[in-house]
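Every chain is numbered from 1, with letters handed out A, B, ... down the list of sequences.
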Protein chains: 2
Amino acid sequence: MPIQAYAAKAPKGRLESFSYEPGPLGALEVEVKVTHCGICHSDQAMIDNDWQFSAYPLVPGHEVVGTIAAVGAQVTGLKIGQRVGIGWQCGSCRECEYCRSGHEAYCAQERDTIVHHHGGFGERVRADATFAIPLPEGLDSAQAAPLLCAGTTVFTPMLHHGVTGNTRTAVVGIGGLGHLAVQFLAKLGCEVTAISTSHNKDDEARSFGAAHFIATKGTDELQKAAGSFDFIISTVPADLAWNDFINALRPRGKLVFVGVPESDLKLSAFSLIGHEKSVVGGRTGSPAEIATMFAFAARHGVKAQIEKFAMKDINAAMDRVRTGKMRYRVVLEA
Amino acid sequence: MPIQAYAAKAPKGRLESFSYEPGPLGALEVEVKVTHCGICHSDQAMIDNDWQFSAYPLVPGHEVVGTIAAVGAQVTGLKIGQRVGIGWQCGSCRECEYCRSGHEAYCAQERDTIVHHHGGFGERVRADATFAIPLPEGLDSAQAAPLLCAGTTVFTPMLHHGVTGNTRTAVVGIGGLGHLAVQFLAKLGCEVTAISTSHNKDDEARSFGAAHFIATKGTDELQKAAGSFDFIISTVPADLAWNDFINALRPRGKLVFVGVPESDLKLSAFSLIGHEKSVVGGRTGSPAEIATMFAFAARHGVKAQIEKFAMKDINAAMDRVRTGKMRYRVVLEA
């Protein structure tokens, strides 16, 4: 049965009605009826072909929440009607050392939901069953959708770098990713500092759990915080004075990039060496890690602050995302 | 009693005979009769005032092996005649969180052997007792001297990043630091790849324990090793094509800098993010870590390959270091 969706037909194109025939369902695949889909900065980047690997027609959408509509012949553990989420990755080889050890995100044959595959801006979407991750009871579908990309992107580095309630933490950029990072860290028991260009979001950041706020533009607040943090996570796509952030780290502290700055990082090796500091890349987790995040979010009431749009108003929703002014994430409802 | 030593009287100066009065011995200090002292690239940098914090007359030497000649009134655990080593650091505050937890290297009041303090190019040298680290029986004094800086610099990151026999490792630069790094990694049970500009040191690197060798200049050997290593330690003070090395890392792999490149590092954030790679600074360890290294070196026969000079031939020895052609470390004998 063909799937009705919304696709960009060319780079930077508006989204248009688009119907495609998904073919027979693979034995280990599921088909999910989309109830909600978040819009991520990387949907926009893919529509615009910013990374030079987009294929058109391109159906964006990789923060999907929905219900299982069909399961392949060999799928176990998921049943029709069950609520699941699908994120950036929708498949892997199942056989390499990473797939075998629950680290599918590193699989060299990783398949992604909106890369040469049609995503969640539509009535249904497919994925390998492994990548359709059950949502626990307590999570609201709309507020959980952004966890599938924004959430796991900030949560996974916390897992991988052993962040605990004693880790002194800071979040750079209080936006779609940052407002979730502050919540996760606060609920992990950390003292969290929010870092932004201005104090505009000071109150909101504190409402998410930040204990302190640093504004970088035209102040010396960051310089004064030298030697303060074990773990700084940067969610911004902009070029900042990164050596100032390294300077703000404590011994063996880590500056984690989950946002991609426009330019190459220019870093002083000397400033890394003196106190054994690290600069680290972070990304979305593997299915087991996303499940861990869901459980944590459900227990602690971590949820995205969202603006809702009907799926049919997809272009208005995309326009809103392109302004960068949404607080803090846009979610489409079927 | 005055101490006879060798000092540079001005930046880039030759070393000249120099006598100084060390004053009364502190209650928690020891004085060590120098039997051997390695020469490190940073002795040269300090003589030349490369880092702009040298003070003259400057007595270099921070890879000291000798015997305890005097102990302060409150020193316990060390006795006259005992063989010890003194490295880069010679004192700390004893009271901060780092000193209290055995991580004296991070103490904000760190005192260093050749920074506003007279080092080991002389008949005696002083240090806080904590930083005079007993040598186990099995280590030859001359061959152990370079462990006090070159050795701990490469060994400490192995400790801090949990290198085990299953870690896929590479060493960039087969010189004073690199030839020790290859030995340590091989004895930890790792498969080690040596990386140098040419194949000149191929046989020697294998004699130190390398299983593979990559030459970077005019070959595509490094490009072919994409995705190969968990832990690459770079010991070179030169600018290399660092993104190629990041590309050679496996998922979550680390590129550790212990050598300081001439220029800032220019790194692609995208290449770090895709597989959660890290760029890390490494440095000399704290006393307990140096003791761990000594024990490991003694058990496994790790030793510096050295060229010996008599202490009185200090300027010839320095000239040899300045050529960069020594294999692999120069050690002065009293």
Does any heavy atom of chain B fall under 4.5 Å from the side chain of [X], the backbone, both, or neither of them?
X: A/Glu110; answer: neither
X: A/Lys277; answer: backbone
X: A/His103; answer: neither
X: A/Val256; answer: neither

Greatest number of heavy atom pairs closer than 4.5 Å to chain A - which of B/Ala269, B/Pro251, B/Ser278: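 Maximum pair count with chain A is reached by B/Pro251.
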When B/Ser268, B/Gly282, B/Pro261 are compared by non-hydrogen pairs under 4.5 Å with chain A, the top option: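 When all of B/Ser268, B/Gly282, B/Pro261 are compared, B/Gly282 has the most.
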Rounded at 0.5 Å granularity, tell me how far [atom1] in [X] sits from [atom2] in [Y].
X: A/Arg250; Y: B/Tyr98; atom1: CZ; atom2: OH; answer: 3.5 Å
X: B/Arg283; Y: A/Leu272; atom1: CZ; atom2: CG; answer: 13.5 Å
X: B/Arg252; Y: A/His160; atom1: CZ; atom2: NE2; answer: 4.5 Å
X: A/Leu265; Y: B/Asp264; atom1: CG; atom2: CG; answer: 11.5 Å

Smallest separation among heavy atoms of B/Phe257 and A/Ile273, with atom names: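 Smallest heavy-atom distance, with atoms named: O-CG1, 3.3 Å.
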Closest non-hydrogen atom pair, B/Thr284 against A/Glu276: O-OE2, 4.4 Å
Heavy-atom proximity to chain A below 4.5 Å, by part of B/Glu97: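 Only the side chain of B/Glu97 comes within 4.5 Å of chain A.
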Min side-chain heavy-atom separation B/Val279-A/Leu267 under 4.5 Å: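 No - every pair of side-chain heavy atoms lies 4.5 Å or more apart.
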Other residues, nucleotides, ligands: >12 heavy atoms within 6.0 Å of A/Gln109 CD: no
